[in-house]
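Below is one structure; the comments refer to it alone.
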Amino acid sequence: MTSSLPPLRSPLDLERLIEFEFVRATENAALESLHWLGRGEKELADAAACSAIYGVFDILDVCGKVVIGEGIKDNAPGIFVGEHLGTWKPGAPRFDIALDPIDGTTNIAKGTPNSISVIAAAQVPEGAASAMKNIPSFYSHKIAYGPAVKQALKGNGDRCLLDMPLSEVIELVAKALDKRVRDVVVVTMDRPRHADIVKQVRTTGAALRMITDGDITAAVAPSLPESGVDLYVGMGGSPEAVLAAAALKCLGGDMDVRMWFHNEEHKAEVAAEVGHNELTQVWRSDDLVHGESALFCATGISDSPLLPGVRTIGHRVETHSILMRARSGTVRRIHASHDLDKKVVPTRAVKFEGHVAV
């Protein structure tokens with residue numbers, strides 16, 4: 001007699017054992033960067049967050065390789081691609097790590113909403129080279145959507161949304177969610193390059209929400225029913241696409257991603273590196289984060305659709321985090337209270353442009 005039950009997993013699930021260490025890293029990054037909220041010093045805020053993340057990983061027994069890192073676009077302080085995180089003790093589990101110590105550094109400098117600290121990770125299978133893809137362009141064209149739209153796409157020929165007129169995409173989303181087009185909420189970043197997107201959304205009559213920064217939160221939002229967001233569209237950072245893809249694997253949503261170039265010089269550089277065929281390739285979440293392993297955690301710094309920001313109440317600080325795991329499908333929302341008289345945040349000094357942040 002054959003059993004229809006799924007195979008039992010190993011009782012030693014290393015990913016499950018260490019998942020809370022990742023969220024401690026984003027919590028500590030949020031706590032350390034809070035001092036810089038609204039002070040106009042985005043580099044110092046970023047350095048403080050990096051210092052806190054280093055501090056957690058310096059005592060964590062993993063072999064972590066940074067696949068998606070910070071500091072690429074603006075020479076800011078950061079944790080860079082190729083760096084090793086963790087103790088790298090023999091036998092420790094291997095993880096590819098994607099992180100943004102502060103997604104929304106401009107927001108934190110101005111004291112405006114929509115800044116978070118975020119880490120994604122995927123356990124590298126035995127014998128595999130990697131578990132995450134590093135997209136070589138600065139920017140990518142992205143459309144992110146929730147589980148219901150993903151299912152509707154499967155029944156509609158699994159078309160690439162990036163190749164469809166935006167009006168058709170919005171109609172598909174409305175039908176999948178059993179909404180009127182006018183009630184579909186589309187989010188994009190407030191950028192000159194999105195002028196045509198804004199025009200197309202408004203022509204359909206759908207509701208438009210524009211954000212200044214922080215498109216990881218925006219890309220994840222359509223997969224969270226309570227967010228009030230149905231679709232994210234825009235040309236944003238390629239590293240952020242991989243971070244969002246890890247979250248979408250956990251939530252059952254998806255995204256279509258293709259490299260986008262702000263000038264022909266950069267396009268030629270990338271073409272020389274990867275070849276012309278990859279320039280037009282479309283990736284989805286499973287292409288960016290391979291296999292069944294994916295962790296995603298984030299802690300709010302200032303309020304965002306994904307998470308409330310940090311709150312200081314006397315000698316205590318409250319943080320709100322989200323922790324997801326693809327293997328189990330578990331999504332945890334963690335509301336933590338930290339006693340500042342007792343809290344010790346491990347840090348590592350971060351040097352940049354004549355500064356040292358600890």
Side-chain angles (χ1 to χ4, degrees), residues 13 15-34 37 49 52-53 56 60 97-104 107-108 113-122 144-148 150 185 187 209 211 214-230 232 240 243-255 285 289 292-313 316-340 343 345:
D13 188 341
E15 188 183 83
R16 181 174 180 271
L17 292 176
I18 66 169
E19 61 181 328
F20 286 100
E21 300 301 327
F22 287 86
V23 82
R24 283 191 181 95
T26 58
E27 280 182 349
N28 287 355
L31 291 172
E32 289 296 288
S33 59
L34 176 63
L37 185 64
I53 290 173
V56 171
L60 182 59
I97 295 174
L99 52 79
D100 197 342
I102 301 175
D103 179 41
N107 301 38
I108 196 172
N114 220 33
S115 60
I116 62 173
S117 179
V118 57
I119 296 176
Y145 43 90
K150 181 179 180 179
V185 178
V187 170
R209 303 288 184 268
I211 57 172
D215 76 337
I216 296 173
T217 294
V220 174
S223 293
L224 295 167
E226 67 274 19
S227 73
V229 175
D230 300 313
Y232 168 70
E240 287 81 357
L243 281 153
L248 295 176
K249 280 179 70 79
C250 299
L251 294 168
D254 215 333
M255 65 193 309
S285 296
V289 183
E292 64 174 9
S293 171
L295 289 171
F296 178 91
C297 63
T299 301
I301 303 171
S302 59
D303 291 343
S304 75
L306 181 63
L307 291 161
V310 179
R311 300 281 188 274
T312 302
I313 306 170
R316 305 191 77 86
V317 175
E318 294 190 348
T319 57
H320 294 263
S321 304
I322 191 167
L323 174 62
M324 319 176 193
R325 237 177 121 230
R327 278 186 175 132
S328 64
T330 303
V331 178
R332 289 183 171 90
R333 291 190 175 272
I334 302 168
H335 178 188
S337 178
H338 309 267
D339 187 335
L340 296 180
K343 180 78 175 180
V345 176

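Source: prediction; values computed, not measured.
You'll find the side chain of Arg316 stays beyond 4.5 Å of the side chain of His338, heavy atoms only. Between Phe296 and Ile322, the closest side-chain pair of non-hydrogen atoms falls below 4.5 Å. When side chains are defined from C-beta on, Ser302 counts as touching Leu37, because their heavy atoms get closer than 4.5 Å. Looking at Ser304 and Ile116, their side chains come closer than 4.5 Å, going by heavy atoms from C-beta outward. Side-chain atoms of Cys297 and Met324, non-hydrogen and from C-beta on, never get closer than 4.5 Å to each other. Looking at Arg209 and Val185, their side chains come closer than 4.5 Å, going by heavy atoms from C-beta outward.
To the nearest 0.5 Å, the span separating CD1 on Ile53 from CG on Asn28 amounts to 9.0 Å. Taken to the nearest 0.5 Å, the OG1 atom of Thr26 stands 8.5 Å off from the CG atom of Leu323. Here the OH atom belonging to Tyr145 is positioned 9.0 Å from the CE atom belonging to Met255, to the nearest 0.5 angstrom. Between the OG atom of Ser321 and the CZ atom of Phe22 there is a distance of 14.5 Å, given to the nearest 0.5 Å.
At distances below 3.5 Å, at least one donor-acceptor pair connects side-chain atoms of Ser227 with backbone N or O atoms of Ala221.
A salt bridge does not link Glu292 with Lys249: every distance from a Lys NZ or Arg NE/NH1/NH2 to an Asp or Glu carboxylate oxygen is 4.0 Å or more. With salt bridges taken as basic N to acidic carboxylate O contacts below 4.0 Å, one links Arg311 and Asp303. Of the charged side-chain nitrogens involved, none lies within less than 4.0 Å of a carboxylate oxygen, so that Glu27 and Arg24 do not count as a salt-bridged pair.
The side-chain contact (heavy atoms from CB on, under 4.5 Å) test with Leu243 singles out one residue from Val289, Leu248, Ile216, Val220, and that residue is Ile216. For the side-chain contact (heavy atoms from CB on, under 4.5 Å) with Glu240, the qualifying choice from Thr217, Val118, Asp100 is Asp100, the only one to do so. Partner Ser33 forms a side-chain contact (heavy atoms from CB on, under 4.5 Å) with one of Val310, Ile301, Thr299 and no other, that one being Ile301. Results of the side-chain contact (heavy atoms from CB on, under 4.5 Å) test with Ser223 over Asp254, Val331, Leu251 single out Leu251 as the only residue that passes.
When all heavy atoms are compared, the tightest approach of Ala246 to Leu295 is CB-O, 4.0 Å. Minimum interatomic distance between Ser117 and Ala29 (heavy atoms only, all atoms of both residues): OG-CB, 3.3 Å. Nearest heavy-atom pair, Ala218 versus Ile211, reported as atom, atom and distance to 0.1 Å: CB-CD1, 3.7 Å. For the pair Asn107 and Ser115, the tightest heavy-atom approach, listed with the atom from each and the gap, is CB-CB, 4.3 Å. Between Tyr232 and Val187, the shortest heavy-atom distance links the atoms CD1-O, 3.3 Å. In plain terms, the two heavy atoms of Gly300 and Leu307 that are nearest each other are N-CD1, 3.6 Å.
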* Asked: What's the verdict on side-chain hydrogen bond (donor to acceptor under 3.5 Å, both in side chains) for Thr330 and Arg325, showing C-alpha distance, side-chain angles and the deciding distance?
  -> CA-CA 6 Å; Thr330 303; Arg325 237 177 121 230; 5.8 Å; no

